[in-house]
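This report refers to the structure that appears directly beneath it.
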Amino acid sequence: MKDIKQFVSTASGIIEHDHHQDGIDRRGFLKCMAWAGSGALCVVEAGVLKSAALGAQLGSLKKPATSNQLSFVQISDSHMGFSKPANPDVVATLETAVSKINALPDTPGFILHTGDITHLSTPEQFDTVEQILKSTNQEVFFVPGEHDVLNDDGAMFLKRYGRNPKGTGWYSFNHSGVHFIGLVNVMNLKAGGLGNLGPEQLEWLKDDLRAVKHSTPIVVFAHIPLWAVYPQWGWGTDDGALALSYLKKFGSVTVLNGHIHQTMQKVEGNVTFHTACSTAFPQPSPGQAEGPGPMKVPADQLRKVLGITDVNYVQRRRGLALVDSSLE
Amino acid sequence: MHRLRSLFIAIVSLTLILAVVLRSARATGQAAQTQASEIKVDNFTFSPEVVTVPLNSTVTWTNKDDVPHVIASTDGVFRSKGLDTDDRYSFKFTRAGTYSYYCSIHPKMTGKIVVQ
């Protein structure tokens, strides 16, 4: 367990994560998970991750210096076209998410959308999301969810959002000293299996990382969690561990996923895993329902379990800060 | 010569008519054996998971979930479009054998059709 970092849960609700110690505090992990929807702040600063519920503790954590700062927002699972009781108005909740983004004190540099943009892969649903996101005036980087590649092996997704002429939608880019890698794990899924990257993409990833310095912070984003969150519900990626093995030599790796419609976080070695809320509907905690389908909560609770993730990076301090905030 | 030719045409025509009649009779016999079978897709499972049907049966899947599913045979014999809630997909099995299938977007969901 040498490469597992330590969580220290404090009475104030702050979780500190010491990158230079071993062992793991499960209470801390669970506490972080329990914040789903209510908003949580996770800061990695000079190798130390700190987390706090949004609001009260915000002021007690040092705000990163503004110089060389990169800020971006992750949104996920907008499921445009969904209209079932779990959320009859996914347009309204996505619009609220956009208002939140527009109201952020630090204007983000761009937006990452980690898939399930649409519910049924129709052109109209893609168009609607595009229209709503336009008002952020931000560039949006997408990776597909399984709902975006329903009927055409992802052809429509690629035509709209593809950034790499090769493959099924994977790509990488550099921004403010951080290397970003978008992966696709929703294509060519095998019967009985989980999410899948496939040998061609793994080969590309290995090759892509060759030119990246080990000191460069890396952000990997994909729809289905790359770590085994709950394989019984398909919440994991069959060859995710192989992809992560290529990232071991890098000092700071942040893996951002969607798919499970709730925030969850764990830190293992140099890697921080984090899943974002949906902007459309919540899903149950692993194993806490008969299946992983949309979860209906009382109407006045819905916006408390939907949300966005704001990520900040301070170049000088080599740190990433993740802030989950609910729509209400 | 003319009479011979007429006789020849008559025999050929009769044979053709007979062939058509026999064939449709056989088809009617087969139709009588055909069965329809229903599979419910509910809570991320196929129910029943294994279905055994006679040759030439039509199997219909109905999605009862709030999320779409795609019915896809493991070896590419059949594949539905994305089925939204209450959408149906049917496939007629005209060859005997065991057909494994799954939901191509939720691959943990698997089922089998045995055609006898």
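To find a chain, count down the sequence lines: A is the first, B the second, and so on, and within it residues start at 1. Just so we're clear, the structure is a prediction, and the values are computed from it rather than from any experiment. Heavy atoms only: backbone and side chains are in, while hydrogens, waters and symmetry mates are out.
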Closest heavy-atom contact between Pro292(A) and Phe44(B)?
CD-CD1, 3.6 Å
Please identify, among Thr45(B), Thr74(B), Asp84(B), the residue contributing the most non-hydrogen atom pairs under 4.5 Å to chain A.
Asp84(B)
Could you tell me which non-hydrogen atom of Arg79(B) sits nearest to which non-hydrogen atom of Leu150(A), and how far apart they are?
NH2-O, 4.1 Å
Looking at Gln301(A), I want to see if its CD is surrounded by more than 12 non-hydrogen atoms of other residues, nucleotides or ligands under 6.0 Å.
yes
Any residue meeting side-chain hydrogen bond (donor to acceptor under 3.5 Å, both in side chains) with Arg160(A), in chain and number order, not counting sequence neighbours
Asp127(A), Glu130(A)
Between Tyr101(B) (side chain) and Ala191(A) (backbone), is there a donor-acceptor pair under 3.5 Å?
no
Can you name the residues of residues 234-246 of chain A that have some heavy atom under 4.5 Å away from a heavy atom in chain B?
Gly234(A)
Quick one: do Lys108(B) and Gln232(A) satisfy side-chain contact (heavy atoms from CB on, under 4.5 Å)? Show the steps, please.
CA-CA 8 Å; Lys108(B) 279 274 167 197; Gln232(A) 294 92 320; over 6 Å; no
Is there a side-chain contact between Val67(B) and His119(A) in this structure, where contact means two heavy atoms from C-beta onward sitting under 4.5 Å apart?
yes
Provide the full list of salt bridge (Lys or Arg N to Asp or Glu O under 4.0 Å) pairs with a residue in residues 284-297 of chain A, sequence neighbours left out, each pair given once.
none
Contacts of type side-chain hydrogen bond (donor to acceptor under 3.5 Å, both in side chains), residue Lys84(A), not counting sequence neighbours:
Thr85(B)
So OG of Ser104(B) and CE of Met187(A): to nearest 0.5 Å the spacing works out to 9.5 Å
Chain B contact via Leu120(A) - side chain, backbone, both or neither, heavy atoms under 4.5 Å
side chain
Return the option, out of Asp65(B), Thr110(B), Asn43(B), with the maximum number of heavy-atom pairs under 4.5 Å with chain A.
Asn43(B)
Engaged part of His147(A) at the chain B interface, taking heavy atoms whose separation is under 4.5 Å
side chain
Heavy atoms of Asp66(B) and Pro294(A) approach each other most closely as CB-CG, 3.9 Å
Could you pull out the closest heavy-atom pair between Pro107(B) and Gly193(A), with the gap in Å?
CG-O, 3.3 Å
Separation between CG (Asn151(A)) and OG (Ser80(B)), nearest 0.5 Å, reads 8.0 Å
